[in-house]
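One structure is given here, and the rest of the page talks about it.
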Amino acid sequence: MLILDVCAFIFEETLSMIFLRLLLLLLILPISVPGTVAEEKELGRYLGAKTTVYPEWFKESFLDFREDVQEAAAEGKRVLVIFHQEGCPYCNLMVERNLSQKDIAETMQQHLDVIELNMWGDREVIGLDDSETTEKNFAAALRVQFTPTLLFFDESGRVILRLNGYVPPQTFKVALDYVIGKKEKEISYRAYLAGNRPEKSSAKLNRQAFFNTGLRDMRRTTGKPLAVFFEQGQCPNCDRLHGYVLSDKGVTEQLKRFDAVQLDMWSGDDVITPDGRKMSARAWAAELGVAYAPTIVLFNPAGEEVIRSEAFFKRFHTESIFDYVAGEGYRKEPSFQRFISQRAEHIREQGKDVDIWN
């Protein structure tokens, strides 16, 4: 009996210990009650990417650019290098809206050897200095930040015109005329484009409430980055920027982080540049190499240019450019394309859709 009593006592003590441990575990662990704990969100959709098939008449190059330039020159042509990336809707627009037009395609085939490069590609490239590298390193060395980026080379291998981003067909034709006609020997592209704009639009600048209309001193004293909108009258792309892109809430929220100023790129009105020099808006635009309207030049709080937008961009890309500067993303990620991809993924992780073509 004594042995049985001892066994019963041990069994009861063991059950008590198990019960206490279970009770303690329940007190420590969070209780999952519907509606009290946020459920994991589904990944947002990624929209707007487009697959592009490049024309068969592009040159099948061995990517030895000294050789390419020499071959083109021997045939009375010049070389055009197009940097692209997979899924790029602006690259698709260039091919399907610009290069699909017969007069553009025939002009390019007659006067240019066109070579495509993937800005993230690993194909071997031999530069004009005979150095060996890869597509992605070549793109990085040339500071390619947007796709498509188009580089036009003359017979000596010098870049005579650079188009950063998509430009509409009529403006693209002006660029082709400039390069093919070898106008760089007579006039800057900025001046040539100004005198050959095919479109007509509103003669006045589009004003916005977020523009600081009294700001003429661009020196950084507020601690904010600076966004300078170089525009002009009779500018359909300016009208579209204001009517479609700058009306977006996400874009305007980003702009609150800046001192934003609008300048007529042809104006003789004086401004003080971020480095403290006094000159006309026209002279400053020329010094910065602003050739297109609109061009948005973004400076950090130290007055240093970080990046500029000078092509056809939609809301998500424009919002991302502002965030890249205001959030100082450029300090950690020198490639804007990598930054925008990371930003898109971060937004999708919150369960929100990202439409890069919106």
Side-chain angles (χ1 to χ4, degrees), residues 38-54 82-97 116-122 134-137 139-140 142-150 163-167 225 227 237 240-241 244-258 260 294-298 300 306-358:
E39 297 181 1
E40 185 178 349
K41 294 181 180 178
E42 287 187 23
L43 195 66
R45 295 175 299 169
Y46 186 79
L47 307 170
K50 294 180 182 292
T51 300
T52 302
V53 178
Y54 293 90
I82 298 177
F83 288 94
H84 62 84
Q85 63 180 318
E86 292 182 10
C88 167
Y90 301 97
C91 304
N92 181 269
L93 194 63
M94 177 192 67
V95 170
E96 296 189 3
R97 181 172 296 180
E116 56 83 15
L117 292 179
N118 183 339
M119 74 173 292
W120 306 116
D122 292 313
T134 62
E135 292 171 281
K136 60 188 176 188
N137 290 335
L142 291 168
R143 296 185 60 80
V144 173
Q145 293 281 38
F146 305 105
T147 52
T149 289
L150 281 64
L163 302 178
N164 294 314
Y166 173 77
V167 296
N237 287 335
R240 185 189 176 282
L241 172 71
Y244 176 69
V245 178
L246 297 183
S247 62
D248 179 70
K249 183 179 179 182
V251 174
T252 55
E253 283 298 311
Q254 289 293 337
L255 271 169
K256 290 178 181 178
R257 306 164 76 182
F258 288 82
T295 291
I296 309 169
V297 184
L298 303 180
N300 64 20
V306 176
I307 197 169
R308 63 178 64 184
S309 170
E310 54 185 3
F312 173 88
F313 290 115
K314 294 199 173 186
R315 292 169 174 171
F316 181 72
H317 279 76
T318 304
E319 179 184 331
S320 298
I321 289 171
F322 292 139
D323 190 25
Y324 184 60
V325 177
E328 298 191 336
Y330 62 91
R331 296 193 183 278
K332 295 180 180 178
E333 179 51 76
S335 168
F336 174 68
Q337 289 298 328
R338 291 192 187 279
F339 170 82
I340 198 173
S341 296
Q342 294 164 3
R343 184 172 186 266
E345 287 307 302
H346 178 68
I347 293 172
R348 291 179 64 215
E349 287 169 359
Q350 299 175 51
K352 300 176 183 178
D353 295 340
V354 170
D355 187 349
I356 62 173
W357 198 230
N358 177 26

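When the side-chain contact (heavy atoms from CB on, under 4.5 Å) test is applied to Ala49, the partners found at least two apart in sequence or on another chain are Tyr46, Ile356. For the salt bridge (Lys or Arg N to Asp or Glu O under 4.0 Å) test, no residue two or more places apart in sequence or in another chain qualifies with Asp355. Listed by chain and number, the residues in a ring-ring contact (aromatic ring centres under 6.0 Å, His included) with Phe312 are Tyr166 (sequence neighbours excluded). Remark: Gln254 engages Arg257 in a side-chain hydrogen bond (donor to acceptor under 3.5 Å, both in side chains) (not counting sequence neighbours). For the salt bridge (Lys or Arg N to Asp or Glu O under 4.0 Å) test, residues two or more places apart in sequence or in another chain that qualify with Glu328 are Arg331. Take Tyr244 and apply the ring-ring contact (aromatic ring centres under 6.0 Å, His included) test, not counting sequence neighbours, and it matches no residue. For Lys256, the side-chain hydrogen bond (donor to acceptor under 3.5 Å, both in side chains) partners at least two apart in sequence or on another chain are Glu253. For Arg308, the salt bridge (Lys or Arg N to Asp or Glu O under 4.0 Å) partners two or more places apart in sequence, or in a different chain, are Glu305. Not counting sequence neighbours, Thr149 has no partner by the side-chain hydrogen bond (donor to acceptor under 3.5 Å, both in side chains) test. Take Arg45 and apply the salt bridge (Lys or Arg N to Asp or Glu O under 4.0 Å) test, not counting sequence neighbours, and it matches Asp353. Take Gln342 and apply the side-chain hydrogen bond (donor to acceptor under 3.5 Å, both in side chains) test, not counting sequence neighbours, and it matches no residue. By the ring-ring contact (aromatic ring centres under 6.0 Å, His included) test, Phe146 is found to be paired with Phe313, Phe336, residues two or more places apart in sequence or in another chain being considered.
A pairwise comparison of heavy atoms in Thr134 and Gly121 identifies CB-O, 4.2 Å as the closest pair. Arg315 and Val245 get closest at one heavy-atom pair: CG-CA, 4.1 Å. Nearest heavy atoms, Val95 versus Val53: CG1-O, 3.6 Å. Across Leu298 and Ala227, no two heavy atoms sit closer than the pair CD2-CB, 3.5 Å. Between Pro334 and Gln145 the shortest heavy-atom distance is O-NE2, 3.0 Å. Phe339 and Gly329 make their closest contact through CE1-CA, 4.1 Å (heavy atoms, listed as atom of the first residue, atom of the second, distance).
Between Val297 and Thr295 the shortest side-chain heavy-atom distance falls below 4.5 Å. Taking 4.5 Å as the limit, some side-chain heavy atom of Ile307 sits within range of a side-chain heavy atom of Val325. Under the 4.5 Å side-chain criterion, counting only non-hydrogen atoms from C-beta, Lys136 is not in contact with Met119. The shortest distance between side-chain heavy atoms of Trp120 and Arg338 falls below 4.5 Å. In this structure the side chain of Ile296 never reaches within 4.5 angstrom of the side chain of Glu310, judged on heavy atoms. Counting heavy atoms from C-beta outward, Pro148 and Glu116 have side chains that stay 4.5 Å or more apart. Looking at heavy atoms from C-beta onward, Phe83 lies in side-chain contact with Leu142 at the 4.5 angstrom threshold.
Salt bridge annotation for Glu319-Lys314: absent, with no cationic side-chain nitrogen under 4.0 angstrom from a carboxylate oxygen.
A donor-acceptor pair under 3.5 Å links the side-chain atoms of Asn92 to the main chain of Thr51, judged by distance alone. Side-chain N or O atoms of Glu333 include one that pairs as donor or acceptor with a backbone N or O of Ser335 at under 3.5 Å.
Ring centroids of Tyr90 and His84 are separated by 6.0 Å or more, keeping the two rings apart.
Atom-to-atom distance recorded for Asn164:CG and Arg143:CZ is 10.5 Å, nearest 0.5 angstrom. One distance of note links CG of Leu241 with OG1 of Thr318; it measures 7.0 Å at 0.5 Å rounding. The CG atom of Leu255 lies 6.5 Å from the CG atom of Leu246; values are rounded to the nearest 0.5 Å. In this structure, the separation between SG on Cys91 and CD on Glu96 is 11.5 Å, given to the nearest 0.5 Å. A distance of 7.5 Å separates OG1 of Thr52 from CE of Met94, quoted to the nearest 0.5 Å. Rounding to the nearest 0.5 Å places OG1 of Thr252 at 8.0 Å from NZ of Lys249.
The number of heavy-atom neighbours closer than 6.0 Å to CD of Glu345, taken from other residues, nucleotides and ligands shown, is above 12.
No donor-acceptor contact under 3.5 angstrom links the side chains of Asn118 and Glu135, judged on distance only.
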**Prompt:** Tyr324 and Ser320: side chain to side chain contact (heavy atoms under 4.5 Å, CB included), yes or no, with the steps?
**Reply:** CA-CA 6 Å; Tyr324 184 60; Ser320 298; over 6 Å; no
